[in-house]
Amino acid sequence: MDKLREECGVFGVFSDKTEDLARSCYYGLYALQHRGQESCGIVVNDDGVFHDYKDVGLVNDVFTHDVLKSLGAGNIAVGHVRYGTTGAGGRLNAQPIVVNHVKGRMALAHNGNLTNSYELREELEMNGSIFHTTSDTEVISYIITKERISSPSIEEAVNRAMHRLKGAYSLVIMSPSKLIAARDEHGFRPLCYGRTGNGDYVVASESCALDSVGATFIRDIEPGEILVFARDGIRSIRDHCGKEKQTMCVFEYIYFARPDSVIDGYSVHNARLRAGKFLAQTHPVEADVVIGVPDSGLDAALGYAQESGIPYGIGFIKNKYIGRTFISPGQANREDKVKIKLNTISETVKGKRVVMVDDSIVRGTTCGPIIRLLREAGAKEVHMRVSAPPFTDPCYYGVDIDSKDRLIANHHTIDEIRQIIGADSLGYLTLEDVVRLTADDDTDRFCTACFSGKYPTQVPTNMRKNRFEGKISERSEREEEKE
Ligand code: SF4
């Protein structure tokens, strides 16, 4: 589908007793699967001994009963689901990363993208570091372990490392005796923690993962905060808090996060309802039914219907069993691929003027086939409403938009896009409304750079997803030239 790829999901659990924490991680990662479907991993810490397993594939496929059993019991564990925004996919870059350093071991899982990873990596390599992966997460782990040499504790090493890390990162870090959660100073990516009925502390990218292990949400980790879970209690280190203005990724509310999650105090479902409501106010139309494109268009469609008074209907059924790795049979064209993934309920749309709500248009390549599906099912008119503003700029904070060329709104006006996709009318959420998704009076805390071109940090000079692979080949070419 013409969708942006999610970034990653992180999960960690700390217990004061030895338990089957691999299973807790499994349930947590399963709830976070929407954030990354390329690879996944779990590391269990049994009193300082780390057992890890990671592989490409979905959580359910990678973590069979036997694999979970082989990880054994422990008192701390961390897990990760990945869609790589830096570095190639595959097992090599699967997380959590486990490193042995001069003062022990550490496992680290990361969601986000550093904006200075290229410079940091070059500096580390010049000083003799040898990298095993091409992801920026390994850069973070090297910076922390380097700081660990002169730091009295792992949390102090993380604290010092955060002075050097720029960009987006929500981290869970496991040492032999501690679990640490840390969020970058801007708070681009979500991170929260809670507690289970039997006293285990749980850290996760989204609150839906806390729910999945029966943990009660306590609060979000604040931008710049380091939270340390140890046998002697929880400690918050706030040296980096308030240093930068919060710029939470607004697209988490529009598309990435699960609607049953609550992020920074605001329900994702409510934010999407509000998006639909704003769309109904700014782009009203005479119609008979409002439908959403599953899954993330559904809540906004409901909001549009509630605000406009036009009845809400189920227009599409999505085949839930198609994963990211789905391979289309033969040379299936885009039309066929859409049909394999989506089917219309003609009773909902036949003979009707339909408002169809979706969360975004990236390249614009699948909207046309979806609209044609509705017309084939008998829709008289199709009015498309998009619960995000037009994408105009790349993301440097962990979302897979690395080229302006891929974005249809860069080359075409809204009316041209309408004609290309074959809609009777087309309306996007405005930039003024996108910052009001969570509340009318809390509008100044979002990153909207991919819609506005206004970046909250310095923009890196080299942000190709596979820049480290590029670097390796560029270097070998240079070396070859010299020889
Ligand atoms: Fe989110 Fe867009 Fe900002 Fe990236 S540029 S963090 S996708 S709002």
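Just so we're clear, the structure is a prediction, and the values are computed from it rather than from any experiment. When a ligand or atom number is given, it counts from 1 through the structure's own listing order.
Interface atoms of ligand 1 facing Y397, defined by a heavy-atom separation under 4.0 Å, are 6 (S). Residue C450 has at least one heavy-atom neighbour below 4.0 Å for each of these atoms of ligand 1: 2 (Fe), 5 (S), 7 (S), 8 (S). Those atoms of ligand 1 with a heavy atom of V399 less than 4.0 angstrom away are 7 (S).
For the pair R189 and ligand 1, a heavy-atom separation below 4.0 Å is found.
Using a 4.0 Å cut-off between a side-chain N of Lys or Arg and a carboxylate O of Asp or Glu, E206 and R35 qualify as a salt bridge. Under 4.0 Å is where a charged nitrogen must lie from a carboxylate oxygen, and between E123 and R164 at least one such pair does.
Judged as a side-chain contact (heavy atoms from CB on, under 4.5 Å), and not counting sequence neighbours, the contacts of P389 are L429, L431, V434, F451. Partners of E307 by side-chain contact (heavy atoms from CB on, under 4.5 Å), not counting sequence neighbours, listed by chain and number: K277, A280, Q281.
Taking 2.8 Å as the criterion, C249 does not count as a coordinating residue of atom 2 (Fe) of ligand 1, since none of its N, O or S atoms falls below it.
Looking at H383 and D424, their side chains never bring a donor and an acceptor atom within 3.5 Å of each other.
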